[in-house]
Amino acid sequence: MTDSATAQHEQLDPSASAYNTWVLRLYDFWVLTVSNLFAWRCPTKSSLLPFFTKHLGGDAHLDIGVGTGFYPATAAPKLAKTKTLALMDLNPGTLAYAEARVRAAGYQGTIERVHRSVFDPLPESMRGRFDSVSLFYLFHCLPGSFPTKASHVLASVTPALAPGGVVYGATILGRAAPHNWFGRKLIEVYNRKGIFGNESDTKENLEKALRAAFEEVTIEQIGVVVLFSAQKPISARP
Ligand SMILES: C[S@@+](CC[C@H](N)C(=O)[O-])C[C@H]1O[C@@H](n2cnc3c(N)ncnc32)[C@H](O)[C@@H]1O
């Protein structure tokens, strides 16, 4: 994607442009502490962070939709033997913020910044290299509905996987999930502003997209958040 195309894309897409410096400064408190505990009922420290670190490892990891870089920075000790960490996002501000945070946390390997949309096909140089690819709190930000938007994203990111690699992540479900009052309000406001695009997202339709693309899928729900992992891309079958 060219710089002007990227700028246009960000203008069109509040799912990425929303994350300015002020929002990033508040993000960990508001999203990872308050919202995850009280609105989504999926605690960061006891549920999401352990799920993030569980699949990390190997020579190279790709984190897509980086936000503040909380997960790779907090998991930096586990990443010590991982030679390359690629950070991919449509917003250049989040990329710079996350990279600085991961470095400050002591990660010594190579950090690659990839400034592009997850909907766009990956460059040739990223294909077949990554042992793990994380998509944390990305799907619910993207416009569109499951299974289509997930199938589109999986088609873009799957070529990045090394043999035996895993794609995994977490996403907040839409209106049909058992939201509490706080969660319903946030879903309504964020969807109206275009920060979220998850009104019709269901676990079943995400699972459809995952099972259409991978032989091995795990999917579990904690509160109104779905945690998923997928391995063995179906197109790679002989
Ligand atoms: C809710 S934040 C998630 C941050 C972090 N992964 C977490 O779980 O706390 C969503 C991130 O996705 C990025 N994003 C939104 N739309 C995107 C797109 N089409 N392609 C790549 N990144 C995108 C935003 O810029 C933001 O950094």
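The figures that follow rest on heavy atoms only: side chains count, while hydrogens, waters and symmetry mates do not. Nothing here was measured: the structure is a model prediction, and the numbers come from that model. We count residues from 1, following the sequence as given.
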SG-CD distance between Cys42 and Glu220, expressed to the nearest 0.5 angstrom: 8.0 Å
Electrostatic pair Glu188:Arg192 at N-O distance under 4.0 angstrom: yes
Derivation of the side chain to side chain donor-acceptor pair (under 3.5 Å) call for Thr218 and Ser229: CA-CA 5 Å; Thr218 70; Ser229 70; 2.6 Å; yes
Other residues, nucleotides, ligands: >12 heavy atoms within 6.0 Å of Lys54 NZ: no
Non-hydrogen side-chain atoms of Pro72 and Tyr107 separated by less than 4.5 Å: no
Close side-chain approach of Arg116 to Leu90, heavy-atom, < 4.5 Å: no
ILVMFWY cluster, Leu142 and Leu210 together (side-chain gap under 4.5 Å): yes
Any side-chain heavy-atom pair of Pro50 and Lys45 under 4.5 Å: no
Test item: Gln231 and Glu215 side chains (from C-beta on) under 4.5 Å apart, heavy atoms: no
Point-to-point distance, once rounded to the nearest 0.5 Å, from CG of Leu161 to NZ of Lys232: 13.5 Å
Worked verdict on Asn36 versus Tyr137 for side chain to side chain donor-acceptor pair (under 3.5 Å): CA-CA 11 Å; Asn36 277 350; Tyr137 277 23; 2.7 Å; yes
4.5 Å side-chain heavy-atom contact, Ser125 and Glu112: no
Audit row: Arg25, Tyr97, side-chain contact (heavy atoms from CB on, under 4.5 Å) steps and yes/no: CA-CA 10 Å; Arg25 281 187 190 151; Tyr97 196 101; 4.1 Å; yes
Ring centers of Phe52, Phe136 separated by less than 6.0 Å: yes
Heavy-atom pair with the smallest gap, counting every atom of Cys141 and Tyr19: SG-OH, 3.9 Å
Residue pair Thr44 / Phe70, side-chain heavy-atom distance below 4.5 Å: yes
Nearest non-hydrogen partners of Leu186 and Ala39, listed with the distance: CD1-CB, 3.8 Å
Candidate list Lys149, His140, Arg175, test side-chain hydrogen bond (donor to acceptor under 3.5 Å, both in side chains), partner Asp201, passing option: Lys149
Distance (rounded to the nearest 0.5 Å) between Glu199 CD and Thr202 OG1: 13.5 Å
Backbone of Gly144 reached by a side-chain donor or acceptor of His152 within 3.5 Å: no
Phe146/Phe139 aromatic ring centres below 6.0 Å: yes
Pair Asp28 + Arg101, salt bridge at N-O below 4.0 Å: yes
Shortest non-hydrogen contact between Pro121 and Ser156, atoms and distance: N-OG, 4.4 Å
Validation row: Ile222, Arg41 side chains within 4.5 angstrom (heavy atoms): no
Contact check, side chains of Phe29 and Leu26, non-hydrogen atoms, under 4.5 Å: no
CA sep, side-chain torsions, deciding dist, call: Tyr190, Asn198, side-chain contact (heavy atoms from CB on, under 4.5 Å): CA-CA 9 Å; Tyr190 292 165; Asn198 70 340; over 6 Å; no
Stepwise side-chain contact (heavy atoms from CB on, under 4.5 Å) test for Tyr71 and Leu32: CA-CA 10 Å; Tyr71 290 104; Leu32 301 179; 3.8 Å; yes
Shared hydrophobic cluster for Leu56 and Val157 (ILVMFWY, side-chain gaps under 4.5 Å): no
Same apolar cluster (I L V M F W Y, side chains within < 4.5 Å links), Ile195/Val34: yes
Any donor-acceptor N/O pair, His115 side chain to Asp89 backbone, under 3.5 Å: no
Under 3.5 Å donor-acceptor, Asp63 side chain and Val66 backbone: no
Test item: side-chain donor near acceptor, His61 and Ser132, under 3.5 Å: yes
Phe228 CZ to Leu206 CG distance, which is reported to the nearest 0.5 Å: 6.0 Å
Cluster check Leu48, Val226: I/L/V/M/F/W/Y, side chain < 4.5 angstrom: no
Salt-bridge contact Glu216-Arg211 (side-chain N to carboxylate O under 4.0 Å): no
Considering all heavy atoms, the nearest Leu24-Gly93 contact: CD1-O, 4.2 Å
Heavy-atom closest pair, residues Val225 and Ala170: CG1-CB, 4.1 Å
Steps toward side-chain contact (heavy atoms from CB on, under 4.5 Å) verdict (Ile111, Val102): CA-CA 9 Å; Ile111 297 182; Val102 172; 4.0 Å; yes
Thr110 side chain to Thr84 backbone, donor-acceptor under 3.5 Å: no
CG-CE distance between Leu122 and Met88, expressed to the nearest 0.5 angstrom: 5.0 Å
Same apolar cluster: Trp40 and Val23, side chain cutoff 4.5 Å: yes
For Thr53 against Ala75, the heavy-atom pair lying closest together: CG2-CB, 3.5 Å
Spacing of Phe38 atom CZ and Thr33 atom OG1 [to the nearest 0.5 Å]: 9.5 Å
Donor-acceptor contact below 3.5 Å, side chain Ser35 vs main chain Trp30: yes
